[in-house]
Amino acid sequence: MSIDLLREPLRNRGTAFTTEERERLGVAGLLPPRVETIDEQVARVLANLRGKASPLEKYVYLSGIQDANETLYYRTLIDHLEETVPTVYTPTVGEACLRWSCIYQRPRGLYVSARERGRIGAVLANWPRDEVAIIVVTDGGRILDLGDLGANGMGIPIGKLALYVACAGIDPARCLPVLLDAGTDNAAVRGDPLYLGLRAARLAGAEYDAFVEEFVAATQARFPGVLVQFEDFANANAFRLLARYRERLRCFNDDIQGTGAMGLAGLYAALRITGGRLAEQRLLFFGAGEANIGIGTLVAAALGREGLTLAQARERCWFFDSQGLVTRDRHALAEHKRTFAQDHAPVAGLLEAVEAVRPTALIGASGQPGAFSAPVLAAMARLNARPIVFALSNPTAKAECTAAEAYRAAGGRAIFASGSPFPPVELDGRSHHTGQGNNAFVFPGIGLGVLATGCTRVTDEMYFAAADALAAQVGAQDLACGRIFPPAARLREVALAVATAVAEAGYAKGIAAVPRPPDLAAHIRQGMYAAAY
C-alpha cells in the first residue's frame with residue numbers, strides 16, 4: 001500500500017513530499033496540503049521539543065521523530081548538536097534505560113535473547129537490510145554507571161548509533177543496534193511487571209561465552225567484515241571478550257579503549273594549561289573498572305612513547321577501588337587491576353589516598369556520586385597550583401562531584417571535566433566553562449575512519465591517533481575559559497579530524513583496503529551522510 005511509504009522511516013519525508021511526488025507515490029490526501037522544506041520541519045520539531053517539560057519527555061518525543069522520519073531526525077541533530085546530544089545520549093539516555101520497558105513504543109534494532117541459542121543466525125537474517133557496516137551491541141550488564149539493566153539497556157546501542165550518524169555521518173541504513181539478552185541478576189528489573197526482557201538469571205561461564213560466540217559468528221556470516229562495538233558489558237566479561245575477539249574481527253570496546261583515548265586527550269589538553277609533561281604527572285584513578293583501566297592503560301602506553309619503561313609508566317598510575325588503594329598485598333585482585341597494583345601500605349579512604357599519593361590529577365569513573373568530597377577537593381587544591389579533576393561517571397546524578405564544587409574548592413583554579421554536561425560556573429567575576437569528557441568525541445571518528453578506509457582491524461595505534469587528534473581540536477579560546485574538550489556543537493568536525501587520524505594510522509599499519517586518496521580528509525568528508533532529501 002502507498003501509505004506504507006509514510007511508515008518507513010528511512011524513506012518517509014512527511015510534509016516535505018512535493019505535490020508531484022504525492023501524486024506519483026499515491027500519498028496525495030494522506031498528508032496536509034502544505035509542502036514544507038526540511039528546515040521548516042526542523043523548526044517544528046524544535047518548537048515541540050523545547051515545549052516538553054522534562055528530559056525524558058524530550059527523549060520520547062525525538063524517538064518518535066526517529067521512528068517516523070529518520071532524515072528529519074538526523075537533520076535536527078546535526079544542525080543542533082549541542083542542544084540535542086544530551087537528550088539522545090548522556091545524560092538522558094540513562095533515565096530512558098531505567099524506564100525502557102515503560103516507554104517502549106516501536107521496535108528498533110535486534111533483541112537477541114538466550115532463548116534463541118542455536119538459531120541466532122536465523123534471527124539476524126530477519127534484519128531487513130543487507131548493507132549493515134557497524135553493530136553496537138550490549139548485554140545490558142553495566143549500563144553507564146547504573147548497573148545491570150538487562151534488556152532495558154537497548155537505549156545505549158540506539159543512542160550510540162544516533163551519534164555515529166549525526167556526528168560521523170554514517171548512513172543510518174548501515175547501522176544496527178543489538179541487545180544480547182542473557183538475562184539479568186537485577187531482582188528489581190526482573191520483578192518489574194512491565195519488564196520486556198527475559199525473566200531469568202544472567203547466563204555465566206561457558207554458557208554465556210557460547211551465547212556470545214554464536215552471536216559473533218552469526219554477525220560475520222550475515223554481514224561479512226562488519227565492525228562490532230562492544231558497549232556496557234560488565235567488567236567480568238568486557239576485558240575477556242575484547243581479548244578474545246580483537247584479533248579475529250573488526251571490533252573494539254568503547255568503554256575501555258574509547259574512554260582511554262578520551263581520557264588521554266583530556267590530559268594532553270589539561271597540560272597545555274598547567275605546563276609540564278605527561279611523564280611528570282601522578283594520576284589517582286577513583287574506580288578500577290573498564291573506563292579508568294582503559295585510561296590508565298593508554299596513559300601508560302603513551303608514557304612509553306615519552307621514554308619511560310612500562311614499570312615506570314605504571315608507577316605514575318594509582319588506582320582506588322571499593323576496598324581502597326589497589327596494592328600488591330591485596331588478595332584475589334582481578335587481572336585487570338593486578339597490572340596497576342602498587343607497593344604501598346593499605347589505604348582505605350580516598351582523602352588518605354590523596355594525601356599519600358599526592359596526585360596531580362584525580363580521575364573518577366566510579367558511579368559514586370559525591371565521592372570527591374569538599375575535603376578531597378581541598379586537598380587536591382592544596383597539593384597543586386592547578387589541580388586536574390575529572391568526574392566522568394554518567395549520568396549526571398552519578399558524577400563524583402559537580403563543576404561548581406570543583407571550582408569553588410580550588411578557588412577557580414581547578415581544571416575540570418565531566419562525563420555529562422554541567423552549566424558554566426560563575427566565580428569571582430569569571431565564567432568557568434566545563435569540558436565534557438565524553439566518548440562521543442572519540443568513537444564516532446574511530447568508526448568512520450575504519451569504515452571509510454576498509455581497515456581490517458582496530459589497532460592500539462588508532463587510539464593514540466584519536467587522542468592526539470581530539471586534543472588538537474581544543475583551541476586557545478577553549479583553554480582560556482577552562483574547557484579542555486571542544487564544545488558539543490563541534491562534534492561533527494571533531495569526528496572528521498579523529499577519523500582522518502585513525503585512517504592515517506591504518507595506512508601506516510598497512511591494514512587499509514581502500515587505496516589512499518590524495519586528500520584523505522576530503523575523501524572521508526565526501527562520504528559522510530548529510531541528512532537531506
Side-chain angles (χ1 to χ4, degrees), residues 90 94 97 112 114 135-157 159-160 177-186 202-216 219 227-263 285 287-301 319 321-322 326 333-340 363 365-367 392-394 398 419 438-439 442-443 446-447 457-458 460 463:
T90 55
C97 287
V112 180
I135 290 172
V136 176
V137 57
T138 185
D139 71 348
R142 189 198 58 80
I143 296 300
L144 301 176
D145 291 294
L146 300 170
D148 180 357
L149 299 185
N152 288 340
M154 180 54 119
I156 295 298
K160 288 278 185 177
V178 176
L179 188 288
L180 288 181
D181 189 348
T184 175
D185 290 333
N186 187 325
R202 183 173 286 278
L203 292 180
E207 277 193 299
Y208 176 87
D209 287 351
F211 177 46
V212 175
E213 175 63 29
E214 184 183 352
F215 165 74
V216 168
T219 65
L227 174 62
V228 178
Q229 178 174 318
F230 294 104
E231 193 68 38
D232 286 7
F233 285 71
N235 292 339
N237 295 316
F239 293 99
R240 187 167 45 82
L241 293 177
L242 178 61
R244 177 177 301 163
Y245 293 115
R246 64 181 304 174
E247 297 301 327
R248 282 180 49 185
L249 61 144
R250 295 202 290 186
C251 72
F252 68 103
N253 184 301
D254 184 50
D255 302 301
I256 300 171
Q257 297 161 296
T259 305
M262 177 276 296
F285 294 90
E290 296 161 58
N292 268 346
I293 292 293
I295 298 173
T297 298
L298 200 64
V299 166
F319 283 80
D321 65 8
S322 60
V326 176
L333 266 179
E335 184 63 35
H336 63 273
K337 298 181 186 182
R338 190 175 297 119
T339 299
F340 290 100
I363 301 173
S366 65
L392 301 179
S393 291
N394 280 312
K398 294 290 184 177
N438 195 286
N439 292 11
V442 174
F443 72 82
I446 291 175
R457 292 290 180 272
V458 185
D460 289 341
Y463 299 105

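- Residue Leu242 comes nearest to Ile256 through the heavy atom pair CD2-CD1, 4.1 Å, listed as atom of the first residue, atom of the second, then distance.
- Under the side-chain contact (heavy atoms from CB on, under 4.5 Å) rule, Gln229 has a single partner from Lys160, Gln257, Arg250, which is Lys160.
- Ion pairing between a basic and an acidic side chain is recognised when a charged N comes within 4.0 Å of a carboxylate O; Arg246 and Asp460 show such pairing.
- Residues Ile143 and Cys97 are in side-chain contact: their nearest non-hydrogen atoms beyond the backbone lie under 4.5 Å apart.
- Smallest separation of non-hydrogen atoms from Leu179 and Ala151: CD1-CA, 3.6 Å.
- Contact record, Phe211 with Ala114: CZ-N, 3.7 Å, taken as the closest heavy-atom pair.
- The minimum heavy-atom distance linking Ile295 with Thr259 is given by the pair CG1-O, 3.3 Å.
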Assess the residue pair Tyr463 and Val458 against the criterion (side chain to side chain contact (heavy atoms under 4.5 Å, CB included)); give the C-alpha distance rounded to whole Å, side-chain angles, the decisive distance to 0.1 Å, and a yes or no. CA-CA 9 Å; Tyr463 299 105; Val458 185; 3.1 Å; yes
Go through it in stages, so that I can follow the logic: the residues are Leu144 and Lys398, the test is side chain to side chain contact (heavy atoms under 4.5 Å, CB included), and I'd like the CA-CA distance, side-chain angles, deciding distance and then a yes or no. CA-CA 9 Å; Leu144 301 176; Lys398 294 290 184 177; over 6 Å; no
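- Classification of the Phe239-His336 ring pair by plane angle, with boundaries at 30° and 60°, yields parallel.
- Using a cutoff of 4.0 Å between basic side-chain nitrogens and carboxylate oxygens, Glu290 and Arg142 are scored as salt-bridged.
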I would like to know whether Tyr208 and Glu213 meet side-chain hydrogen bond (donor to acceptor under 3.5 Å, both in side chains); could you show each step before the answer? CA-CA 9 Å; Tyr208 176 87; Glu213 175 63 29; over 6 Å; no
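- In this structure, CG on Leu249 lies 6.5 Å from CZ on Arg457, to the nearest 0.5 angstrom.
- If you take CG on Asn438 and CZ on Phe443, they are separated by 7.5 Å, rounding to the nearest 0.5 Å.
- Considering CG of Asn394 and CG of Asn439, their distance stands at 8.5 Å, rounded to 0.5 Å.
- Between atom CG of residue Leu227 and atom CD1 of residue Ile446 there is a gap of 9.5 Å, rounded to the nearest 0.5 Å.
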